[in-house]
Amino acid sequence: MNDFSKVRDFIDLIAEEDINLCGIEVRHGHDIVLRHFMGYADAEKQVKLSDNNIYWLYSCTKVITCLAAMRLVEEGRLGLEDTLDKYLPEFASMKVKTADGIADAKNKIRIIDLFTMSAGFTYDLYTPELNEVCANKNASTREVVSALSRSVLEFEPGTNYNYSLCHDILAAVIEVVTGMRFSDYLDEIMFTPLGIKNMGFHPSDKEMKRMAVQYDYDNIFRKATPRAPFNKYRLTGNYDSGGAGLYSNLSDYSKIIDAVANGGVAENGYRLLKGETVAMLGVNRLKTEAQFRSFVKSPRWYGYGYGLCGRVMMDPLASLSRSSKGEFGWDGACCSYALIDPAEKLSVFLTTHLCADYIYERVHPYVRNLIYEAIGK
């Protein structure tokens with residue numbers, strides 16, 4: 001029997017001392033080997049955290065978007081080497097920054113450039129182009145993304161890495177390919193078949209009452225301060241942000257990544273992805289030195305590359321990690337953390353609602369290694 005007591009003890013310790021809310025679910029070969037909550041959904045009101053609570057996933061949304069897009073790739077409806085303008089014609093002629101000013105981009109943006117953050121966009125939510133389109137509070141995903149075509153790229157597509165709104169654009173591509181709103185497509189191919197009832201882009205007033213309080217955290221003085229409950233990446237009331245817009249509870253998100261960790265097949269037998277598609281997700285896609293230097297700006301990414309679904313473990317020794325080569329996943333702005341390891345049929349989802357840099361740098365890697373120790377790796 002695997003012993004996860006060290007993981008529970010550590011979660012309890014950090015929840016008591018630093019992080020006032022933390023939940024974690026670990027699945028191994030579909031078995032839930034650990035589900036643990038510690039702390040408060042609302043510390044001021046002393047409301048205990050439970051699986052009834054939901055969280056803004058922020059960039060853990062990107063994992064869901066990439067899985068949805070890869071479903072279209074395996075069906076032959078979307079090509080990784082296709083140019084973006086095949087689906088969104090307004091992106092046909094882009095401008096790019098150069099040493100001499102602004103020029104016409106020489107390279108076309110490809111779909112794979114969106115997956116790998118190599119298209120040249122930024123994460124600036126307040127550009128004149130976005131401000132203009134978002135003045136319409138009901139602007140659609142397609143309308144908002146279209147405004148990004150008027151952006152000036154930071155570099156020639158495919159030549160560098162820059163964390164950006166690429167996955168928001170990928171959601172718009174999915175809408176064009178499927179003829180469906182992004183949220184409806186997710187519901188059809190993912191949420192309904194997997195029995196997911198606590199995930200979406202636009203929570204109701206009733207659901208907002210279940211939303212765990214968000215906190216800003218002072219790493220030096222170890223103090224958490226409540227912050228506004230809204231998600232700034234929800235740019236309009238009709239915008240389905242493929243990069244950071246979803247909310248979920250712990251167990252529903254875990255169902256999805258568990259399916260991927262088990263060759264694309266969920267516990268209930270539903271096949272979300274083919275095994276060969278899952279194998280594609282654990283491969284680094286960064287090719288140039290510039291891409292690696294732009295990505296690996298933090299010790300937490302030592303040993304990692306970047307692939308079709310976030311980080312990809314290339315060299316466990318470089319990051320002092322116990323995880324397998326090919327382990328992949330991502331995290332979110334309030335420090336949620338997703339790990340998928342098909343070699344071990346292991347999935348991990350950790351939730352907090354706390355903005356604290358040290359969680360990324362210290363807590364995530366430490367919890368990761370404790371979990372691998374618990375399964376005997």
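In this chain, residues are counted from 1 in sequence order.
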Inset, instruction - Count the heavy atoms belonging to other residues, nucleotides or ligands that lie under 6.0 Å from CZ of R362, then report whether that count exceeds 12. - result: no
Inset, instruction - Give the intermediate values and the outcome of salt bridge (charged side-chain N to carboxylate O under 4.0 Å, His left out) for residues D331 and K62. - result: CA-CA 9 Å; D331 48 46; K62 291 177 173 63; over 6 Å; no
Inset, instruction - Could you give me the CA-CA distance, side-chain angles and deciding distance for I64 and I256, then say whether side chain to side chain contact (heavy atoms under 4.5 Å, CB included) is met? - result: CA-CA 8 Å; I64 305 302; I256 297 172; 3.7 Å; yes
Inset, instruction - Answer whether the closest heavy-atom distance between the side chains of S294 and Q291 falls below 4.5 Å. - result: no
Legend entry - Considering all heavy atoms, the nearest P89-Y87 contact: CD-O, 3.5 Å
Legend entry - Donor-acceptor side-chain pairing of H353 and N53 below 3.5 angstrom: no
Legend entry - Presence of salt bridge, D252 and K197, under 4.0 angstrom: no
Inset, instruction - Working to the nearest 0.5 Å, report the span between CD1 of I54 and CE of M211. - result: 4.0 Å
Inset, instruction - Could you check if a side-chain atom of I112 sits within less than 4.5 angstrom of a side-chain atom of L308, using non-hydrogen atoms only? - result: yes
Legend entry - M180 vs E188, side chain to side chain contact (heavy atoms under 4.5 Å, CB included): CA-CA, chis, key distance, verdict: CA-CA 10 Å; M180 302 172 67; E188 180 181 277; 3.8 Å; yes
Legend entry - V33 side chain near F4 side chain, heavy-atom distance below 4.5 Å: yes
Inset, instruction - Give a yes or no on whether the backbone of L346 and the side-chain of D341 come within a donor-acceptor separation of less than 3.5 Å. - result: no
Legend entry - Min side-chain heavy-atom separation Y306-M117 under 4.5 Å: yes
Legend entry - Intermediate values then yes/no, side chain to side chain contact (heavy atoms under 4.5 Å, CB included), Y270 and L194: CA-CA 7 Å; Y270 174 71; L194 295 177; 3.8 Å; yes
Inset, instruction - Find out if a path of hydrophobic residues (ILVMFWY) with successive side-chain heavy-atom gaps under 4.5 Å connects Y366 to M38. - result: yes
Legend entry - Pair E373 + K6, salt bridge at N-O below 4.0 Å: yes
Legend entry - Partner of K108 under salt bridge (Lys or Arg N to Asp or Glu O under 4.0 Å), chosen from D82, D85, D113: D85
Legend entry - Stepwise side chain to side chain contact (heavy atoms under 4.5 Å, CB included) test for N231 and Y247: CA-CA 10 Å; N231 177 349; Y247 66 85; over 6 Å; no
Inset, instruction - Would you check if K97 and F155 make a side-chain contact, meaning some heavy-atom pair closer than 4.5 Å? - result: no
Inset, instruction - Please answer: with hydrophobic residues joined when any side-chain heavy atoms are less than 4.5 Å apart, are L114 and L125 in the same cluster? - result: yes
Inset, instruction - Report yes or no: does R285 contribute a side-chain atom to a donor-acceptor pair with the main-chain N or O of F115 at less than 3.5 Å? - result: no
Legend entry - NZ (K345) with more than 12 external heavy atoms under 6.0 Å: no
Legend entry - Expected output: side-chain T83 to main-chain R110 donor-acceptor under 3.5 Å: no
Inset, instruction - Among F191, Y185, F182, Y233, find the one that has a ring-ring contact (aromatic ring centres under 6.0 Å, His included) with F201. - result: F182
Legend entry - M94 vs E156 side-chain heavy atoms within contact, under 4.5 Å: no
Legend entry - Verdict with reasoning, K255 to E267, per salt bridge (charged side-chain N to carboxylate O under 4.0 Å, His left out): CA-CA 8 Å; K255 288 178 184 177; E267 182 182 13; over 6 Å; no
Inset, instruction - Answer yes or no: is there a side-chain heavy-atom contact under 4.5 Å between W301 and V296? - result: yes
Legend entry - Exercise: identify the closest heavy-atom pair between E207 and H202: OE1-O, 4.3 Å
Inset, instruction - Please step through salt bridge (charged side-chain N to carboxylate O under 4.0 Å, His left out) for the pair D218 and K223, ending with a clear verdict. - result: CA-CA 5 Å; D218 187 317; K223 181 180 179 181; over 6 Å; no
Inset, instruction - Please work out which of the three classes, parallel, tilted or perpendicular, describes the rings of Y58 and W56, given edges at 30° and 60°. - result: tilted
Inset, instruction - Give a yes or no on whether V63 and L72 share a hydrophobic cluster (residues Ile, Leu, Val, Met, Phe, Trp, Tyr; joining criterion: side-chain heavy atoms under 4.5 Å apart). - result: yes
Legend entry - Heavy-atom donor-acceptor pair, T352 side chain to L354 backbone, under 3.5 Å: yes
Inset, instruction - Please step through ring-ring contact (aromatic ring centres under 6.0 Å, His included) for the pair W330 and Y163, ending with a clear verdict. - result: CA-CA 12 Å; W330 202 239; Y163 199 60; 5.6 Å; yes
Inset, instruction - Any chance you could lay out the ring-ring contact (aromatic ring centres under 6.0 Å, His included) test for F349 and Y337, step after step, and finish with the verdict? - result: CA-CA 6 Å; F349 187 49; Y337 172 75; 8.9 Å; no
Legend entry - Donor-acceptor contact below 3.5 Å, side chain S324 vs main chain A343: no
Inset, instruction - Mark yes when over 12 heavy atoms from residues, nucleotides or ligands other than E44 sit less than 6.0 Å from its CD; otherwise mark no. - result: yes
Legend entry - S254 (side chain) donor-acceptor with L250 (main chain) under 3.5 angstrom: no
Legend entry - Criterion salt bridge (charged side-chain N to carboxylate O under 4.0 Å, His left out) on R35 and E25, from CA distance to verdict: CA-CA 4 Å; R35 180 187 285 165; E25 181 163 313; 2.6 Å; yes
Inset, instruction - Say whether E90 and S149, considering side chains only, have a donor N or O and an acceptor N or O under 3.5 Å apart. - result: no
Legend entry - Which atom of N107 lies closest to which atom of P157, heavy atoms considered: ND2-O, 3.0 Å
Legend entry - Heavy atoms from other residues, nucleotides or ligands near CZ of R293 exceed 12 (cutoff 6.0 Å): no
Legend entry - Heavy-atom side-chain proximity of Y253 to T351 below 4.5 angstrom: no
